[in-house]
Number of protein chains: 2
Amino acid sequence: MVRAGLTAERLTRAGAELADEVGFDQVTVSALARQFDVKVASLYSHVKSSQDLKTRIALFALAELADRVAEALAGRAGRDALAAFANAYRYYAKEHPGRYAAARLRLDPETAAASAGVRHAQMTRAILRGYDLSEPDQTHAVRMLGSVFHGYVSLETAGGFDHTPVDPQQSWAWIIDSLDALLRHQAATS
Amino acid sequence: MVRAGLTAERLTRAGAELADEVGFDQVTVSALARQFDVKVASLYSHVKSSQDLKTRIALFALAELADRVAEALAGRAGRDALAAFANAYRYYAKEHPGRYAAARLRLDPETAAASAGVRHAQMTRAILRGYDLSEPDQTHAVRMLGSVFHGYVSLETAGGFDHTPVDPQQSWAWIIDSLDALLRHQAATS
DNA sequence: GCCGTTTGCCTAAGCCTTGTAGGCGCTGCA
DNA sequence: TGCAGCGCCTACAAGGCTTAGGCAAACGGC
């Protein structure tokens with residue numbers, strides 16, 4: 001019998017791809033076993049549970065997304081950095097909807113603390129360095145940026161903008177411009 | 001044998017309450033049957049499937065939330081209306097996390113078109129009447145408001161703000177103020 | 001009040017997914 | 001070449017979804 005060469009890492013990658021194809025919540029141990037043409041029980045030597053598998057995919061997606069964002073941010077500042085940051089998220093969600101959904105999985109605190117989520121927070125703060133905000137405004141701004149970008153991507157992916165004949169790309173650009181203006185104004189008055 | 005008095009509507013309400021208690025994705029036909037002390041198959045006379053049940057709960061939550069928002073908006077305009085609108089969403093999500101999650105369920109286009117989601121869109125536009133924006137800026141602004149509020153509530157509910165010692169209520173107020181300023185400024189320059 | 005119809009919930013059964021326990025053969029190393 | 005351990009297997013239990021078909025309570029007409 002030919003061995004399938006299962007690994008936690010290979011299962012995680014395949015799970016991420018499967019998520020992009022059929023949706024993150026359709027990723028099951030059974031479906032993954034079928035992909036590898038292997039019996040379901042065999043997977044349990046590599047992942048502890050269905051929950052464990054999903055957590056691994058989430059961590060993988062978080063790290064991959066953080067890499068993309070970091071690359072997009074390199075050498076940029078101010079409005080440029082803001083737009084690059086925003087676009088990195090939006091494009092990732094478009095390209096990998098299942099992985100993006102996975103990255104939104106709720107993690108328990110210690111897992112989250114050890115995840116690439118920390119890098120995401122750092123990078124968001126890094127963008128704001130270009131706007132010279134002091135605390136607590138900086139934290140407010142971090143939360144606002146996170147909310148807008150996640151909210152927009154989430155609504156757009158869910159088809160929430162399909163019923164108005166205005167190009168989502170235009171709205172996206174408008175929002176980034178608005179946020180840039182807002183942050184510059186805030187910096188000036190704080 | 002005493003009849004349990006099952007109805008699609010009663011099942012939907014009970015499902016909504018169950019969602020608030022254990023999470024929307026933990027709402028199953030089986031769990032609901034246990035609540036009514038009835039066999040699982042009995043529910044299938046009232047709802048077509050598990051998916052149908054979830055859709056009904058989603059529609060119920062959307063309508064309830066729209067009612068809350070409408071009530072909050074009554075007699076308000078401008079910044080006042082913006083804050084009331086935002087708070088209605090945030091408080092609903094805090095009070096009924098399961099129902100809020102249900103309201104985010106992706107509906108097929110015709111179901112969505114017949115849902116209270118339409119009222120949500122109308123009310124968001126109504127708020128912007130106080131800012132005198134012309135198209136397409138108005139649509140951009142609608143999308144931005146939807147993104148911020150949904151994004152914030154979503155991140156806050158998911159515990160995303162737990163690791164920074166800044167009161168989320170303060171950030172929320174800051175964001176509403178910022179959006180108000182932003183919209184007023186946009187109106188002035190458009 | 002009686003009877004037929006409708007309604008409401010039931011039993012039974014099949015299929016899918018998750019998860020555990022234990023077995024057997026292939027692989028790699030001595 | 002022998003054998004230890006790894007990698008995948010079979011078997012099984014529990015729980016969720018769904019359909020088919022049955023029986024009895026409720027209801028409406030007479």
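What you see below is based on every heavy atom in this structure, not just the backbone, and it leaves out hydrogens, waters and symmetry mates. In what follows, chains are A, B, ... by sequence order, proteins preceding strands, each numbered from 1.
Taken residue by residue, residues 12-23 of chain B places no heavy atom nearer than 4.0 Å to DNA chain D.
Distances shorter than 4.0 Å separate some side-chain N or O of B/Ser42 from OP1 or OP2 on C/dC10. Close to C/dC9, at under 4.0 Å from its OP1 or OP2, lies a side-chain N or O of B/His46.
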Annotated protein contacts, base or backbone, on nucleotides 14-21 of chain D with a non-hydrogen cut-off under 4.0 Å, one of B, S, - each: --SSBB--

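Applying the side-chain hydrogen bond (donor to acceptor under 3.5 Å, both in side chains) test to A/Arg129 and every residue at least two apart in sequence or in another chain returns nothing. For A/Tyr44, the ring-ring contact (aromatic ring centres under 6.0 Å, His included) criterion is met by no residue, not counting sequence neighbours. Checked against side-chain hydrogen bond (donor to acceptor under 3.5 Å, both in side chains), A/Ser171 has the following partners two or more places apart in sequence or in another chain: B/His140, B/Arg143. Take A/His46 and apply the side-chain hydrogen bond (donor to acceptor under 3.5 Å, both in side chains) test, not counting sequence neighbours, and it matches no residue. Every side-chain hydrogen bond (donor to acceptor under 3.5 Å, both in side chains) that A/Glu135 has, sequence neighbours left out, goes to A/Arg125, A/Thr139.
Pairs of residues two or more places apart, or lying in two chains, never qualify as ring pair (Phe, Tyr, Trp, His ring centres under 6.0 Å) while including a residue from residues 50-76 of chain A. Residue pairs meeting the ring pair (Phe, Tyr, Trp, His ring centres under 6.0 Å) criterion with at least one member in residues 116-135 of chain B, sequence neighbours excluded, are B/Tyr89-B/His120.
Side-chain atoms of A/His96 and A/Tyr91 form no donor-acceptor pair, as typed in the model, at a separation below 3.5 Å.
Residue A/Leu6 contributes atom CG, which lies 4 Å from atom P of D/dC8 at whole-angstrom precision.
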